[in-house]
Enquirer: 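Before I ask anything, here is the structure I am working with.
In this text, all values refer to a predicted model and were calculated from it rather than measured experimentally.
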Amino acid sequence: MAALCVALPAVAASLLPLLLLVSWKRWRGARAKRHVLIVVLGDVGRSPRMQYHALSFVQSGFAVTLLGFCDSRPYEELLQNSRIQIVSLTELQKLPVGPYIFQYGLKVVFQSVHLLWKLICREPAAYIFLQNPPGLPAIAVCWFVGFLCGSKLIIDWHNYGYTIMGLVHGPSHCLVLLAKWYEKLCGRLSHLNLCVTNSMREDLAENWSIKAVTVYDKPASFFKETPLDLQHQLFMKLGCTYPAFKARLEPLDLATERSAFTERDAQSGVVTHLRGRPALLISSTSWTEDEDFSILLTALEKFEQLILDGESLPSLVCVITGKGPLKEYYCSLISQKCFHHIQVCTPWLEAEDYPLLLGSADLGVCLHKSSSGLDLPMKVVDMFGCCLPVCAVNFRCLHELVKHEENGLVFEDAEELAGQLQMLFSKFPDPAGKLNQFRKNLRESEQLRWDESWKQTVLPLVMDT
């Protein structure tokens, strides 16, 4: 009893600073109506949707604090905006000792304490806006901080975290089952839920008792067709690093600039496409388990064989952008291929170069196969913003984005993809071909851009909340 009497004042004294801080933040809460904390327990530079949210909040009069890992450079517009503060979170590197469950548990504990401290030390906010996944441990931490400080929690559901874990460990692994239980329980603690597809909205309502609003990904304004002179500048720039963009033959006039696809006349300065140029095919990836690039590589092998058999098809430059855990594995597979008419390169592009390259390409390929079957590939949204037709591997809710035979094609396997490449690139470049028809359909569709879509869907919800 005596020990308890001694211990209680010590505990109270240790909690006093926290209680005073929370009280002060609640007192200042009235001044936080136009402040939003956006939390990404991942790389901010590779989270375009959350960057778009931040910019949209700022355009609507809010101040934004964006917390996340700073491994990749975010959009320049984000960095230059004085009303957006980016706070770097520390990522605990994988420990080389102990079983995986121990390492994962330690990581969760560290992230919980670290995120809690970072959030508590920020200016009070009206909303804590969280990307999920990853939601473990972020959902519980953000809810707790919101409870202490009077902030409302908004979850933006991009997918289910437990399904991504299931790709690695299997759906019946104890960690996957724990993550599913946690996500389902804590997901109900939010004041407002957004999601990326109608299929996910229906699944959240039916199986999780969570009411969500669908906010489709839309391309930002800078995703658009790239003018030919800017294409040439980009190709010349990339050619300094990646041989696939360099001219196959040097021009007779040494003053003429030539890339693999374009040339600039030395006298007039006019840029034109090269006759007999290769077709430019592009794919973007995070190099994770939900994208099987062996499908594309097998299709390219079949396409190469068609050229060797005498089919009227162009050479291909296949660009696969992005970085992630399986990149080395697939780069090793690519290096083993003996292509004669196909070049594959795997660059990591600067943020401002990526939309320019999409706007310069002839065809996009998407191999994203959702771990839950309920989210859509944002890369296709960006491609459509650039009026770039797409071949995409089929999965449950893809029809909400890709309209087969209208803005692209849907395939099931490498055989079908190879057939589509043959059909689309037959007699390339053919103004009357299917590829140009898809591009024309995309131009005429007058797609809604992110800013207008956000003002119509998210802003009214935030103001009502």
Side-chain angles (χ1 to χ4, degrees), residues 46-49 51-53 55-56 75 158-159 195-200 214-227 230-231 234 279-286 291 296 318-322 349 351-370 374-411 417 420-421 423-425 429 433-454 456-457:
R46 294 165 65 192
S47 304
R49 181 175 167 105
Q51 294 183 68
Y52 297 166
H53 276 304
L55 290 168
S56 295
Y75 293 125
H158 297 190
N159 200 350
C195 64
V196 293
T197 63
N198 283 331
S199 297
M200 181 175 284
T214 303
V215 180
Y216 282 116
D217 285 321
K218 298 292 180 182
S221 58
F222 47 78
F223 283 99
K224 56 189 176 184
E225 291 184 84
T226 305
L230 289 181
Q231 289 186 33
L234 177 66
L280 178 56
L281 183 146
I282 187 167
S283 187
S284 175
T285 178
S286 298
E291 292 180 283
L296 176 58
C318 177
V319 180
I320 307 173
T321 71
L349 297 173
E352 59 268 22
D353 286 342
Y354 176 62
L356 293 176
L357 189 59
L358 287 188
S360 306
D362 298 300
L363 178 67
V365 172
C366 175
L367 294 159
H368 172 86
K369 212 167 188 177
S370 169
L374 299 172
D375 71 305
L376 291 170
M378 194 164 187
K379 68 197 77 179
V380 174
V381 175
D382 297 336
M383 290 173 181
F384 284 168
C386 295
C387 297
L388 179 63
V390 170
C391 292
V393 68
N394 194 23
F395 63 91
R396 177 175 164 186
C397 68
L398 185 67
H399 65 276
E400 294 189 39
L401 178 60
V402 180
K403 312 299 180 186
H404 187 64
E405 292 283 356
E406 182 179 323
N407 54 18
L409 298 171
V410 177
F411 61 88
L417 175 58
Q420 292 175 358
L421 295 178
M423 182 266 290
L424 292 173
F425 287 130
K434 182 77 78 172
L435 199 59
N436 274 324
Q437 184 58 52
F438 289 158
R439 193 179 291 272
K440 181 183 176 184
N441 292 345
L442 286 165
R443 287 172 183 152
E444 293 174 352
S445 65
E446 297 182 355
Q447 305 168 68
L448 198 64
R449 296 286 167 162
W450 173 268
D451 291 338
E452 301 92 58
S453 174
W454 195 90
Q456 292 177 16
T457 55

Enquirer: Quick one: closest heavy-atom pair of Arg439 and Cys386, and the distance?
Expert: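 Shortest heavy-atom contact: NH1-O, 4.1 Å.
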Enquirer: Mind checking whether Phe411 and Asn394 have side chains closer than 4.5 Å, heavy atoms only?
Expert: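 They are not in side-chain contact.
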Enquirer: Less than 4.5 Å apart, side chain to side chain, heavy atoms only: is that true for Phe438 and Leu363?
Expert: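 Counting from C-beta outward, Phe438 and Leu363 never come under 4.5 Å.
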Enquirer: With sequence neighbours excluded, tell me which residues meet side-chain contact (heavy atoms from CB on, under 4.5 Å) with Thr226.
Expert: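 For Thr226, the residues satisfying side-chain contact (heavy atoms from CB on, under 4.5 Å) (neighbours in sequence not counted) are Leu230, Gln231, Leu356, Ser360.
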Enquirer: With a 4.5 Å heavy-atom cut-off, do Val402 and Val410 have their side chains touching?
Expert: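 Yes, at least one pair of side-chain atoms sits under 4.5 Å.
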Enquirer: Between Leu296 and Ile320, is any pair of side-chain heavy atoms under 4.5 Å apart?
Expert: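 SC-SC contact between Leu296 and Ile320 confirmed.
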Enquirer: Tell me every residue that passes side chain to side chain donor-acceptor pair (under 3.5 Å) with Lys434, counting only those two or more places apart in sequence or in another chain.
Expert: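 Scan of Lys434 (side chain to side chain donor-acceptor pair (under 3.5 Å), adjacent residues dropped) gives Glu405.
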Enquirer: For Tyr75, what residues pass the ring-ring contact (aromatic ring centres under 6.0 Å, His included) criterion, not counting sequence neighbours?
Expert: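 For Tyr75 the ring-ring contact (aromatic ring centres under 6.0 Å, His included) partners, ignoring immediate neighbours, are Tyr52, Phe222.
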Enquirer: Going by ring-ring contact (aromatic ring centres under 6.0 Å, His included), name the residues that satisfy it together with His368, two or more places apart in sequence or in a different chain.
Expert: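 Residues passing ring-ring contact (aromatic ring centres under 6.0 Å, His included) with His368: Phe395.
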Enquirer: Of all residues at least two apart in sequence or in a different chain, which pass the side-chain contact (heavy atoms from CB on, under 4.5 Å) check with Val381?
Expert: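 Residues passing side-chain contact (heavy atoms from CB on, under 4.5 Å) with Val381: Asp217, Pro219, Leu401.
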Enquirer: Check the pair Thr457 / Val215 against side-chain contact (heavy atoms from CB on, under 4.5 Å), numbers first and verdict last.
Expert: CA-CA 7 Å; Thr457 55; Val215 180; 3.9 Å; yes
Enquirer: Say whether, by atom type as modelled, one donor and one acceptor occur between the side chain of Lys218 and the main chain of Ser453 under 3.5 angstrom.
Expert: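 Between the backbone of Ser453 and the side chain of Lys218 there is no qualifying donor-acceptor contact (under 3.5 Å).
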Enquirer: Does any non-hydrogen side-chain atom of Lys379 lie less than 4.5 Å from one of Glu291?
Expert: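 Heavy-atom side-chain distance check passes, below 4.5 Å.
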Enquirer: Side chains of Asn441 and Lys403: does their closest heavy-atom pair fall under 4.5 Å?
Expert: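 A side-chain contact is absent here, since even the closest heavy-atom pair is not under 4.5 Å.
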Enquirer: Can you sort out the partners of Thr214 under side-chain contact (heavy atoms from CB on, under 4.5 Å), two or more places apart, ordered by chain and number?
Expert: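 Result, side-chain contact (heavy atoms from CB on, under 4.5 Å) vs Thr214: Cys195, Asn198, Arg201, Tyr216.
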Enquirer: Using side-chain heavy atoms (C-beta onward) and a distance below 4.5 Å, is Val365 in contact with Cys318?
Expert: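 Side-chain contact under 4.5 Å: no.
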Enquirer: If you measure from CE on Met423 to CG on Leu435, what distance do you get to the nearest 0.5 Å?
Expert: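 So the gap between those two atoms works out to 9.0 Å.
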Enquirer: Does the side chain of Leu281 come within less than 4.5 Å of Asp362's, by heavy atoms?
Expert: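 Not touching, per the 4.5 Å side-chain cut-off.
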